[in-house]
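In what follows, a single structure is set out as structure tokens and then discussed.
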Amino acid sequence: MAASEIQIQLIQESVAILVKKLQLTTEEAIGVISKAIKQELNSRKVTLELLEISALSERTSFVRSVVKHVQDQIQRNPNWKVNFSDRYIENFYQSLHRIVSAKEEE
């Protein structure tokens with residue numbers, strides 16, 4: 001199943017933020033984000049396709065949970081943990097939320 005445009009944009013911007021702000025490699029960032037997305041999809045028992053057509057509140061909740069999973073992974077890894085990670089996580093959340101919310105405006 002091919003990824004939708006919003007899924008690709010979400011992953012690309014997420015990876016860029018983690019690579020630029022937290023100095024993760026592209027592979028590390030993709031791994032962290034993929035793991036977080038899979039965890040949340042499994043816990044909600046949904047697919048990205050179903051999530052994409054759901055209400056904005058549901059998508060926002062999903063993004064918050066994914067960001068929390070990413071933050072937890074970063075905090076557990078001493079090689080990635082930085083003094084200002086909370087600020088970067090907030091930027092990460094805002095970017096993801098903007099992407100997901102843009103779907104509502106279309």
Side-chain angles (χ1 to χ4, degrees):
M1 183 175 293
S4 71
E5 192 174 309
I6 195 168
Q7 292 169 24
I8 292 169
Q9 182 182 6
L10 183 68
I11 292 168
Q12 287 175 336
E13 289 202 24
S14 303
V15 167
I17 291 167
L18 294 180
V19 168
K20 182 177 180 183
K21 300 294 186 181
L22 298 178
Q23 290 81 43
L24 273 66
T25 67
T26 301
E27 294 78 19
E28 289 169 334
I30 290 171
V32 167
I33 294 165
S34 297
K35 183 177 180 181
I37 289 172
K38 287 177 187 175
Q39 282 178 312
E40 196 55 31
L41 289 173
N42 286 335
S43 72
R44 292 174 184 256
K45 296 177 178 40
V46 298
T47 64
L48 282 171
E49 290 77 17
L50 288 173
L51 189 65
E52 205 170 300
I53 60 172
S54 63
L56 178 59
S57 60
E58 185 66 27
R59 289 181 280 153
T60 300
S61 173
F62 176 82
V63 167
R64 287 180 192 268
S65 296
V66 168
V67 170
K68 177 66 174 138
H69 290 304
V70 168
Q71 183 176 22
D72 291 346
Q73 289 182 67
I74 289 169
Q75 293 298 325
R76 281 193 302 266
N77 188 322
N79 296 326
W80 298 337
K81 192 174 178 180
V82 295
N83 292 335
F84 302 108
S85 64
D86 288 342
R87 181 179 62 183
Y88 296 133
I89 289 296
E90 180 61 25
N91 291 344
F92 180 66
Y93 168 74
Q94 289 172 359
S95 293
L96 296 183
H97 183 66
R98 181 181 39 78
I99 294 166
V100 172
S101 299
K103 177 76 174 160
E104 191 74 12
E105 295 170 4
E106 293 176 354

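Note that the coordinates shown come from a computational prediction; the quantities given were computed from them, not determined experimentally.
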Contacts of type side chain to side chain donor-acceptor pair (under 3.5 Å), residue Ser34, not counting sequence neighbours: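 So Ser34 forms no side chain to side chain donor-acceptor pair (under 3.5 Å) with any residue.
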Any donor-acceptor pair under 3.5 Å from Glu40 side chain to Ser65 backbone: no
Might you point out which heavy atoms bring [X] and [Y] nearest each other, and give the distance in Å?
X	Y	value
Arg44	Ser61	NH2-OG, 2.8 Å
Ala36	His69	CB-CB, 3.5 Å
Leu51	Glu58	CD1-CG, 4.0 Å

Working for side chain to side chain contact (heavy atoms under 4.5 Å, CB included), residues Leu18 and Val70: CA-CA 10 Å; Leu18 294 180; Val70 168; 4.2 Å; yes
Atom [atom1] in [X], atom [atom2] in [Y]: separation rounded to 0.5 Å?
X	Y	atom1	atom2	result
Arg64	Gln71	CZ	CD	12.5 Å
Leu41	Leu50	CG	CG	9.5 Å
Ile33	Leu24	CD1	CG	8.5 Å
Gln12	Ile17	CD	CD1	12.0 Å

